Amino acid sequence: MAAVPVITTRMLDRFEIAHALREIGALLELEGENPFKIRAYETGARALEGLSGDLATLVAEKRLTDIPGIGEALAGKIASLHLTGRSETLDKLRARHPPGILELLQVPDLGPKKIAALHAALGVATLADLEAACRAGRVAGVKGFGGKTQARILEGIERVRTRSADRRVLLADALLEAEPLVAHLRAAPAALAVELAGSARRGRETVGDLDVVAASHDPAAMADALAGSPGTVEVSSQGDTKITARLAGGMHVDLRVVPPEDFPTLLHHLTGSKAHHVKLRGIARDQGYTLSEWGLYRLAPENTDPDLPPDPSRKVPVESEEALYRALGLAYVPPELREDAGELEAARDGTLPADLVRLEDVRGMVHCHTTWSDGRATIEEMARAADALGIEYLTITDHSQTAGYAGGLTADRLRAQWDEIDRVQERVKVKLLRGSEADVLEDGALDWPDEILEELDVVVASVHSRMKMDEDQMTRRLVRAMSVPVFKIWGHGVGRLLLEREPYAVRVEEVLDALAASRGAVEVNGDPRRLDLEPRHLRAARARGIPIVLSVDAHSTGSLGYLRYAVTTARRGWVRRGEVLNTRGAAEFAAAVRPIGP
DNA sequence: GCCGTTTTCGGCCCGACTGTTTTCAGTCG
């Protein structure tokens, strides 16, 4: 009997496959391939990352091409990468290039053309080669390169090595730098309007650079204002309309300055996302316009030279972002939705939700810890802080008994806490609800017996232990937990800690199916490190009719402010006001979430 | 590479900034 060949490869998940597709794209780029082909790989990678459903199912049912941006060719490569961990195309590309060549693309200002030139002239194939060539002064001698470029490359190598080049920060940390800066710029006499743009405005969970746009007739004065901001460390480049600076926290900010009539289109341009723009500009073109950051122009009837600047007489005045979408026959798309995730089709068809949840719609604070478990504030301190925010009700949800590391409450302690809640209730206006963040145990049971659940007003069910289970185990565990005949709020669904810890391995859609067949809601956890469930899963939950709860997971009075991040994340998942349980009054909310019976 | 109430072929978003040029290519967002 012939020996069975040893299988040395393994299945890849969608993130690993996306990475492989980007590697193919990068290597093709080095070979000078058609830029649109390169873009197709990026589009495919992005589509995979945004996928809500189960990749294995799509591969098995040969439905990959149902995903917009994935055609026959990419589907074949994705299936191969998923099932075997390899792709013939990628293997061949890797064989044609030195293994270190891709790290050169990480160097700022170094793209495929320059890398190819350096490789041809000097044989540079790795970061180390490049550094040696720069230090020896050989790069400056290559045609098209000079002393300044050589120095910039050396700086760039340093940035790659210290990994500060593409450092991303949490949205909340980015806003901590951005909002004071915007306020400072707005105070400048030359400023007519200043807005934050970029991924921070879209509410992305992490942010790389800050983009700020200003309306002013005096760009130089605005550049001075940026240089004079307390958070600015240095101005690193300055053109007529664009100034780049580095902030104390290490982030870079791009400030763009234009006259007020160009402000709306520039703000829109800098808000992104890139994918949203590409599609929007295609729509503009279909309708006889060309759109750029400088405005909307009617295309000339005759085919004119595309390299000529647009004819000013054909410019369409655009007084706001709303007007821009309106001019193109589209409903206004709020920044949080601009990700090319179907929002432009919906804006065209009139199916874009007009009543996305807003911060002012939320009437109750859900998921709050106190000194009874691992919180830093007492019940009364939390209650008074909520009162001060104008909140109508507050759920006290300390940890359950199994969460010993977090000071989880035993049944006796929980009952004692109810007495304390009653005492505090007499002194505060905000309505206090008795709750618990009940651990989802290893076998999927909740951490409280029925006689306790019967007396609780609200239960958040969360995984806090055995987080490294494999996907089948974790899915079974959560499906069982979400199937118990109790109303439960699925707490911080996939357990990710942004920039720190990967999500649990779990098939979210199966858990949502179980929840939809039982009674419960999903949480949008506003802790800036979590923002969980994430938008694509929120859309999957909404599609199943599962209600949403916006929570703060507060461990202090200050973290009641996390509500804004829960709202932003929910909007990114297209969540409407009516779908959010804690936009309702206290009595209605309590009736909706009561774990057992009336 | 993908995609299609104009198209199965021929399109595919658009401009700012830098450095090295003497009119432009490369990179970036």
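Not measured: the values here are computed from a predicted model. Chain letters run A, B, ... following the sequence lines, proteins first and then strands; every chain starts at 1.
- As a whole-Å value, the separation of A:Glu293 CD from B:dC28 C1' is 12 Å.
- In this structure, the side chain of A:Ser273 engages the main chain of A:His276 through a donor-acceptor pair within 3.5 Å.
- For A:His269 and B:dA16, the NE2 to P distance is 9 Å, given to the nearest whole Å.
- Contacts of residues 146-154 of chain A with DNA chain B (heavy atom under 4.0 Å): A:Gly146, A:Gly147, A:Lys148, A:Thr149, A:Arg152.
- The partner of B:dT27 is B:dA16, judged by Watson-Crick or G-U wobble contacts that both fall below 3.5 Å.
- B:dT8 sits 8 Å from B:dG4 when the C1' atoms are compared, rounded to a whole Å.
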Please produce a list of atom pairs where a protein N or O lies less than 3.5 Å from an N or O of nucleotides 1-11 of chain B.
residue: B:dG1; atom: OP1; partner: A:Tyr41; partner atom: OH; Å: 3.0
residue: B:dG1; atom: OP1; partner: A:Lys77; partner atom: NZ; Å: 3.4
residue: B:dG1; atom: O5'; partner: A:Tyr41; partner atom: OH; Å: 3.4
residue: B:dG1; atom: O6; partner: A:Asn34; partner atom: ND2; Å: 3.2
residue: B:dC2; atom: OP1; partner: A:Gly71; partner atom: N; Å: 2.5
residue: B:dC2; atom: OP1; partner: A:Gly71; partner atom: O; Å: 3.2
residue: B:dC2; atom: OP1; partner: A:Leu74; partner atom: N; Å: 3.3
residue: B:dC3; atom: OP1; partner: A:Gly69; partner atom: N; Å: 2.7

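- Whole-Å rounding puts the A:Asp262 CG to B:dA16 P distance at 11 Å.
- At least one donor-acceptor pair under 3.5 Å links the side chain of A:Lys315 to the backbone N or O of A:Trp294.
- Close to B:dC12, at under 4.0 Å from its OP1 or OP2, lies no side-chain N or O of A:Thr43.
- Atom name C1', nucleotides B:dT20 and B:dG26: the rounded distance is 11 Å, in whole Å.
- A heavy atom lying under 4.0 Å from DNA chain B marks none of the residues of residues 330-346 of chain A.
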